[in-house]
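Contents: one structure, followed by commentary.
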Number of protein chains: 2
Amino acid sequence: MTTIKDIAKVAGVSVTTVSRALNGYPDVSEKTRQKIIEIAKQLNYSPNTLARSLVMNKSKTIGLLVSGMNHSAIKDNFTFEVLTGINDYIAKTDYDLILFSTNSTKQREKTYSQLCRERRVDGVILQGIKTDDPYLTEVVESDIPCVLIDIPIQSDKVGYVTTDNVLGAKKAVQHLIELGHENIAMMNGHDYAFVSKQRLEGFRQAMEEANVAINDDWIVNGEFSEEVAEKKALELFSKHREITAIFCASDLMALGVVKALKQMGLSVPDDVSVVGYDDILLASYVSPSLTTIAQNRFQMGYEAASMLVEMLEGKEAKVVMLRTQLIVRESTKKNQLLKGRM
Amino acid sequence: MTTIKDIAKVAGVSVTTVSRALNGYPDVSEKTRQKIIEIAKQLNYSPNTLARSLVMNKSKTIGLLVSGMNHSAIKDNFTFEVLTGINDYIAKTDYDLILFSTNSTKQREKTYSQLCRERRVDGVILQGIKTDDPYLTEVVESDIPCVLIDIPIQSDKVGYVTTDNVLGAKKAVQHLIELGHENIAMMNGHDYAFVSKQRLEGFRQAMEEANVAINDDWIVNGEFSEEVAEKKALELFSKHREITAIFCASDLMALGVVKALKQMGLSVPDDVSVVGYDDILLASYVSPSLTTIAQNRFQMGYEAASMLVEMLEGKEAKVVMLRTQLIVRESTKKNQLLKGRM
DNA sequence: ATGAAAGCGCTAACAG
DNA sequence: CTGTTAGCGCTTTCAT
């Protein structure tokens, strides 16, 4: 493998000059530069980034720490879409992405900063980790520039990008209220997700502002899983037939809820209206198609990558909050019980 | 940042001893080892893999070169599922994945081996590149261990994993023939994909073996795109109403074909039977659900990663061919025109 | 405009 | 069992 030493030898100059010529420094005569470039090409030279990184103390790599790249995450390709956005931005820069292959067992062996320092990544993008993950405290304590996705934690070196989950959830619930629903349930994710807390907050705000009573028994956790949500919905609706609408913190769970309802012989949306969250691909294909809150996952990744690269160039960590959009489809309908009244 | 030098100083030994102790060499007394490990922990030491890679001349990283990580690839998350499989295997090893962020413009600037040598990757997994991609010839010429996905090219350092596309397509078409169809069309991908060639071959074999006439005008290319397939199907079926069945080289294209047929007022499967290929998530959710050939994309990634790591440990490059499975759903049905006869 | 020399953090003969 | 020495390929003072 060719090194600058080889080039130097052939060109009859020192390695210093080769290095400077190849890196475009001005203090080398145009003639020598051309000669060196020519020789480099002939010798099929590629710089060794490892050596360069070692001496420059920066690697031009960005670490990607995602939890949610597993077999079960395929239906809801949140992770992939974010990744696509990240990749799209990074492709325009001279950084490369290194995907930390950490499964949960491995994660416990190595700390966050160990992971990052070993590979000497310049910055990190974190996605999909839970609120109780020990990595989270490390992120803030460490001085490695980091951008979080959907995790509202900020510090000097840590920024984040998210959507307005409170407002998003609020829009969803307001939609149900406007349709005349008053007995509204919520299928939330789990207690270890920031988005769950925020979407619950949005649910509460919408209900309170409209003076609709909140029944805490009607708020259950579906673990962001289609199957769990189905089971929980079965329980919920068999106990409380009076519920006419339900807001789900993810489309996947909404799918589970619809399944449960169908099993019970209830019609969506005639008997129960269902709103999801995410606007996953399936949402528009299933029957009935899902009313939902859309968020642009591609953009989330893109913005995260963009912010991180800016931070690496000296800019401040910041917060980016993206818009959501209510998409009305077939799974919601006017409250049938109120038909006479309205 | 702590280095082995710091540890050596504190422990009162040489860096060599530290290196050996930390790397588990046997030729260091248990007492010194324990002391060194203890100090390393206290000093919060992480090894610098860059330095290690430089001297050892291997980086413990695997390059991932995928074309198809873009916004449009979200419906058909082939890429993501393969990636998940790769990640799943790699997570069990001490390798990390580096995602080469190359868009098509950037790709033309740097050659394949430049890309790999710069980052000094130990091996590469390649996915989704076309048959006419200049990278392909480079892969074979280069001596970097490489595993291809769905590209049947083999050499000393190059293996591949794929599914039996000929047989897969054959099964699909035989299914249609068994249902009594004789006027069978094919919506293929494009000429620059190996799988297209193979699936076409399977189509031909099934037809010939059953003595069903092949009409070359009924074989069209949909570019693996839902939209293009829809357009092409519109043309095809308006010219040739006699076609009663069509085999599509991807589910996405099958979706487009179904759309076209619906637009023309034709029913699937009553008027036309449609078979897809891939068994993407949507296949079972759309209406009518899609009869298709399933392939295990997760496993493809997993096997590819596994093969590459084995090669890096000295084993031979090989070929892995995975099974496919015919999944019969609602989009295919007995040929109605033959009802009287059969 | 160019070169000599030092050093990034680590491993690997070799010698003792 | 341990230390000395050299060197991986590159950048960067500091001279000249």
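What you see is a predicted model, and the numbers here were worked out from it, not measured in a lab. Chain A is the first sequence line, chain B the second, and so forth, proteins listed ahead of strands; every chain is numbered from 1.
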Discussion item. With a 3.5 Å cut-off and heavy atoms only, can you find an N or O donor on one side and an acceptor on the other between the side chain of T16(B) and the base of dT11(C)?
Written reply: no

Discussion item. Below the 4.0 Å mark, does dG3(C) have OP1 or OP2 next to a side-chain nitrogen or oxygen of T17(A)?
Written reply: yes

Worksheet item: Is E30(B) salt-bridged to R33(B), going by a charged N under 4.0 Å from an acidic O?
Response: yes

Worksheet item: Picking from I7(A), D27(A), I36(A), I4(A), what satisfies side-chain contact (heavy atoms from CB on, under 4.5 Å) with T17(A)?
Response: I36(A)

Practice prompt. Rounded off to whole Å, could you give me the CG-to-P distance for the L50(B) and dC10(C) pair?
Written response: 10 Å

Discussion item. Between K58(A) and D122(A), does any NZ, NE, NH1 or NH2 come within less than 4.0 Å of an OD or OE carboxylate oxygen?
Written reply: no

Discussion item. Rounding to an integer number of Å, can you tell me how far R120(B) CZ sits from dC8(D) C1'?
Written reply: 10 Å

Worksheet item: Angle class for the F80(A)/F80(B) ring planes (parallel below 30°, perpendicular above 60°, tilted otherwise)?
Response: parallel

Worksheet item: Between K58(B) (NZ) and dC8(D) (P), how many Å, whole number?
Response: 18 Å

Worksheet item: Rounded to whole angstrom units, what separation is found between the NZ atom of K5(B) and the C1' atom of dA6(C)?
Response: 11 Å

Worksheet item: What are the residues of residues 18-38 of chain A, sorted by number, that bring a heavy atom to within less than 4.0 Å of DNA chain D?
Response: S19(A), N23(A), Y25(A)

Discussion item. Quick one, V147(A) with V161(A), criterion side-chain contact (heavy atoms from CB on, under 4.5 Å). Give me CA distance, side-chain angles, the key distance, then yes/no.
Written reply: CA-CA 7 Å; V147(A) 174; V161(A) 16; 3.9 Å; yes

Worksheet item: When you check the phosphate oxygens OP1 and OP2 of dG3(D), does a side-chain N or O of S14(B) lie under 4.0 Å from one of them?
Response: yes

Worksheet item: Taking CZ from R52(A) and P from dG9(C), how many angstroms apart are they, rounded to a whole number?
Response: 18 Å

Worksheet item: So which of L312(B), V319(B), V320(B) actually passes side-chain contact (heavy atoms from CB on, under 4.5 Å) with M307(B)?
Response: V320(B)

Fill in: Separation of atom CG in N57(A) from atom P in dG7(C), rounded to whole Å
16 Å

Discussion item. If you apply the rule side-chain contact (heavy atoms from CB on, under 4.5 Å), what do you find for D156(B) with D143(B), and how did you get there?
Written reply: CA-CA 8 Å; D156(B) 194 26; D143(B) 57 349; over 6 Å; no

Worksheet item: Please give, in whole Å, the distance from dG9(C) C1' to E118(A) CD?
Response: 14 Å

Discussion item. I need the CD1-P distance between I7(A) and dG9(D), as an integer number of Å.
Written reply: 12 Å

